[in-house]
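See below for the structure under consideration.
Below, read A as the first sequence line, B as the second, and so on, with proteins coming before strands; counting in each chain starts at 1.
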2 protein chains.
Amino acid sequence: MGPDKAGAQNILVKKSRVTLADVAVAAGVSKMTASRALRAAGDVSKSNVERVLQAAQDIGYVGNPLASSLSGQRSNLVGVVVPSVANVVFAEVLGGIAEGMQGTGMQPVFGVTEYDLDREYNVIRNMLSWNPAGLIVTGLDQSEDARRLLENTEVPVVQIMDLDGTPIDACVGFSQSAAGAEMADALLAMGRRQIGYIGCDLNKDTRANKRLEGFKRTLLKNGLELLVEEITESPSAVSTGRALTARALANRPDLDCIYYSNDDLAAGGAFHCMANGVIVPDTVVLAGFNGLDFIESLPVKIATSRTPRRKIGKTAVKYIVATTKKNGAPQDKVIAYTPIVVD
Amino acid sequence: MGPDKAGAQNILVKKSRVTLADVAVAAGVSKMTASRALRAAGDVSKSNVERVLQAAQDIGYVGNPLASSLSGQRSNLVGVVVPSVANVVFAEVLGGIAEGMQGTGMQPVFGVTEYDLDREYNVIRNMLSWNPAGLIVTGLDQSEDARRLLENTEVPVVQIMDLDGTPIDACVGFSQSAAGAEMADALLAMGRRQIGYIGCDLNKDTRANKRLEGFKRTLLKNGLELLVEEITESPSAVSTGRALTARALANRPDLDCIYYSNDDLAAGGAFHCMANGVIVPDTVVLAGFNGLDFIESLPVKIATSRTPRRKIGKTAVKYIVATTKKNGAPQDKVIAYTPIVVD
DNA sequence: CATGATATCGATACCGGTATCGATACCAAA
DNA sequence: TTTGGTATCGATACCGGTATCGATATCATG
């Protein structure tokens with residue numbers, strides 16, 4: 001029952017969206033001049049810039065990124081491909097990415113692969129179809145098809161969280177196998193020799209697998225082998241870690257150390273020990289991976305490797321932003337961090 | 001130095017992207033027919049559908065969602081606005097959303113507000129400019145400006161995780177204040193009377209605040225008040241919970257129960273107690289919120305309210321998908337879940 | 001055979017921006 | 001005064017799809 005009521009038969013009232021043309025009319029210039037002014041693209045007199053900006057402000061112009069991306073051949077979307085969001089680690093990476101994008105005008109689009117290579121391929125393909133400003137994908141081990149896709153695109157691609165392999169374009173992360181090796185060194189330095197391993201989904205989580213390899217390699221170098229290798233397909237969770245630890249310690253009560261594929265599992269191990277009177281770390285040392293915040297609050301001390309997750313996300317964005325800039329100074333293609341072993 | 005070298009002056013070799021026109025030519029039909037065939041939009045003979053599909057397959061056509069969204073007035077992007085991704089709860093909601101979108105052709109775009117209303121406004125505004133298929137925003141308490149934006153849009157909007165207030169369009173969640181009240185009831189039923197509260201950022205996290213209100217209301221109904229109310233601005237984390245619990249118990253050693261604004265803080269409380277010989281739950285009952293998976297693996301028992309986070313995400317998507325369908329049967333606008341108190 | 005309904009198709013006009021290039025104006029140098 | 005350069009602007013042609021509507025062909029019916 002607004003004032004529109006009167007115009008029941010006026011034909012030209014859709015006007016659902018304020019467009020650049022409206023701004024141009026309001027400012028008394030052409031669409032092009034308005035476009036240039038709004039983008040600060042130069043070639044516009046100071047007075048007209050002001051006029052256009054004011055007009056846009058007045059009529060509440062927002063701009064249509066779809067149109068602009070279609071025309072400009074590049075969007076301000078950044079595709080982010082992670083294996084899982086339920087995992088805190090990737091959630092924090094996302095957080096870092098979101099933080100890094102703050103103020104850049106870019107928008108993250110995310111896709112979840114659930115550690116499935118086919119799904120990953122589809123997600124990547126789909127994201128590329130958006131002409132994104134960049135792509136951030138987890139890990140270096142994509143399927144051949146996916147890799148080809150990424151190699152042939154003009155879009156800057158940043159692979160994160162890994163360093164062991166050949167990056168397609170840029171790469172921000174750390175060496176997973178080195179991380180595993182370092183942890184092994186640390187545990188050996190603590191005098192541990194009866195060592196077991198507990199992990200999830202190694203066939204899918206190639207990064208955990210690389211850590212395990214590095215870990216075993218170092219053991220071997222010291223004439224040791226894993227006494228137990230409990231590997232499950234159930235999802236990585238604290239409860240899983242607790243259950244597997246119970247099993248492992250039942251089978252091999254002589255273990256004096258357990259390396260887990262991540263902190264969640266290790267925390268589960270800690271809980272099992274606490275609940276069953278196993279002294280940590282005196283009787284058995286537990287070691288995880290990631291350095292999640294809550295680890296240091298646990299009543300018992302467990303070892304872990306602290307990884308710069310937020311920073312990795314932020315850095316990946318920074319690379320894309322820098323590459324997108326016209327005067328793109330050549331960027332470092334490989335940015336390596338080192339996890340810090342904490343015990 | 002590829003084979004292109006020879007064609008230094010050939011003019012027509014860009015062809016960077018396979019377009020619908022290419023498919024049309026390859027299939028020997030018009031762009032429109034190709035478009036219709038690929039979208040299964042009808043009005044195309046069976047033989048031509050096959051021809052087009054085959055052609056598209058052969059030349060590797062992918063389709064440009066930008067163009068299609070611009071033309072079709074609606075994209076297949078779904079905006080997701082959450083206060084934080086580092087928080088597992090929202091990470092799991094995102095997981096549910098991603099799961100729900102699996103196979104729908106929709107893509108989630110996410111924005112993080114860090115509990116900042118201005119930021120939220122900007123994120124929402126920005127997302128609306130993409131003509132999204134839908135918007136999923138956390139909570140019912142947006143700023144006035146943001147609310148106006150959401151009310152005036154045609155895009156389906158789903159507010160999640162809360163029920164206490166007036167939804168703009170649809171709403172999937174649970175009553176936070178009722179959840180707080182229920183937990184109070186449960187704790188009182190356990191015979192607890194010396195109750196304290198520990199929480200973070202209540203001025204920003206309105207949902208935690210609602211829980212606290214419901215909690216206090218129930219206490220009051222039973223002639224009780226909180227003995228301690230520790231509220232901090234530091235981020236919600238296990239370590240924060242541990243520190244605040246230490247403080248609270250030092251001030252009021254007579255506490256027999258602590259309600260936390262979430263499970264992370266509560267876990268920190270549990271760790272403090274374990275490390276300091278405070279018996280949980282005999283001496284002091286700890287109660288959190290969310291029902292995170294790891295809670296049940298803790299060596300001590302703590303209470304919590306289990307919330308269907310993944311399901312909420314999934315349901316929100318389902319609403320958007322259903323609304324987007326042409327023959328959109330009228331959907332339930334309010335989908336209420338009930339957290340389950342676990343003790 | 002005329003007629004109308006139905007199925008199938010394509011030309012054209014957008015969607016809302018941006019790239020490109022030519023036009024115009026103004027000023028300094030020749 | 002002529003010439004050349006620079007600053008400023010706008011007409012036009014896209015970007016890659018989709019909506020619309022009219023054209024054509026086919027077929028059952030009167």
Side-chain angles (χ1 to χ4, degrees), chain A residues 12 14-52 56 59-77 105 128-133 154 326, chain B residues 11-12 14-52 55-56 59-77 105 128-133 154 326:
Chain A
L12 306 169
K14 39 162 62 174
K15 205 191 100 104
S16 56
R17 182 177 192 135
V18 179
T19 76
L20 185 62
D22 299 326
V23 177
V25 169
V29 298
S30 72
K31 262 175 65 181
M32 261 328 290
T33 301
S35 169
R36 284 195 269 250
L38 289 168
R39 284 178 297 146
D43 274 8
V44 186
S45 68
K46 254 195 173 302
S47 62
N48 269 344
V49 170
E50 281 172 26
R51 223 189 306 282
V52 169
I59 65 180
Y61 173 70
V62 175
N64 187 335
L66 287 168
S68 131
S69 306
L70 177 59
S71 174
Q73 304 288 296
R74 184 120 313 174
S75 75
N76 60 357
L77 252 22
L128 282 177
S129 73
W130 283 93
N131 279 52
E154 300 292 311
K326 309 257 174 187
Chain B
I11 318 290
L12 305 170
K14 41 162 61 175
K15 205 191 99 102
S16 57
R17 182 176 192 136
V18 179
T19 77
L20 185 62
D22 299 326
V23 178
V25 170
V29 298
S30 73
K31 260 175 66 180
M32 262 326 292
T33 300
S35 170
R36 284 195 269 252
L38 289 168
R39 282 177 297 145
D43 273 9
V44 186
S45 68
K46 255 194 172 290
S47 63
N48 267 345
V49 169
E50 279 173 28
R51 223 190 307 281
V52 170
I59 65 181
Y61 173 70
V62 174
N64 187 335
L66 287 167
S68 131
S69 305
L70 177 60
S71 174
Q73 303 290 295
R74 184 120 314 173
S75 74
N76 59 357
L77 253 22
L128 281 177
S129 73
W130 283 93
N131 280 47
E154 301 291 312
K326 308 258 174 185

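- Rounded to an integer number of Å, the gap from B/Asn64 CG to C/dG17 C1' is 14 Å.
- For the side-chain contact (heavy atoms from CB on, under 4.5 Å) test, residues two or more places apart in sequence or in another chain that qualify with A/Asn64 are A/Arg17, A/Leu66, A/Ala67, B/Leu70.
- Atom CG of B/Leu66 is separated from atom P of C/dT18 by 13 Å (rounded to the nearest Å).
- If you take CG of A/Leu38 and P of C/dG16, they are 16 Å apart, rounded to a whole angstrom.
- B/Tyr61 has its OH atom 7 Å from the C1' atom of D/dG16, to the nearest Å.
- Side-chain proximity of A/Ser35 to D/dG17, C/dT18, C/dG17: nearest is C/dT18.
- In terms of the side-chain contact (heavy atoms from CB on, under 4.5 Å) criterion, residue partners of B/Val62 (sequence neighbours excluded) are, by chain and number, A/Arg125, A/Ser129.
- Using a 4.5 Å heavy-atom threshold, the side chains of B/Lys31 and B/Ser35 count as separate.
- Side-chain contact between B/Leu38 and B/Leu20: present, with at least one pair of heavy atoms (C-beta onward) separated by less than 4.5 Å.
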Can you check each nucleotide of nucleotides 7-14 of chain D against protein heavy atoms at under 4.0 Å and return B for base, S for sugar-phosphate only, - for none, in 5' to 3' order? -BBBB---

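- Between the CG atom of B/Asn131 and the C1' atom of C/dG17 there is a distance of 13 Å, rounded to whole Å.
- When all heavy atoms are compared, the tightest approach of A/Asn76 to A/Ser69 is N-OG, 4.3 Å.
- Annotation: side chain of B/Asp22 is in contact with side chain of B/Thr19 (closest heavy-atom distance under 4.5 Å).
- If you take CZ of A/Arg74 and C1' of D/dG16, they are 16 Å apart, rounded to a whole angstrom.
- Summarising the geometry, the separation between CG on A/Leu70 and C1' on C/dG17 is reported as 8 Å, rounded to the nearest angstrom.
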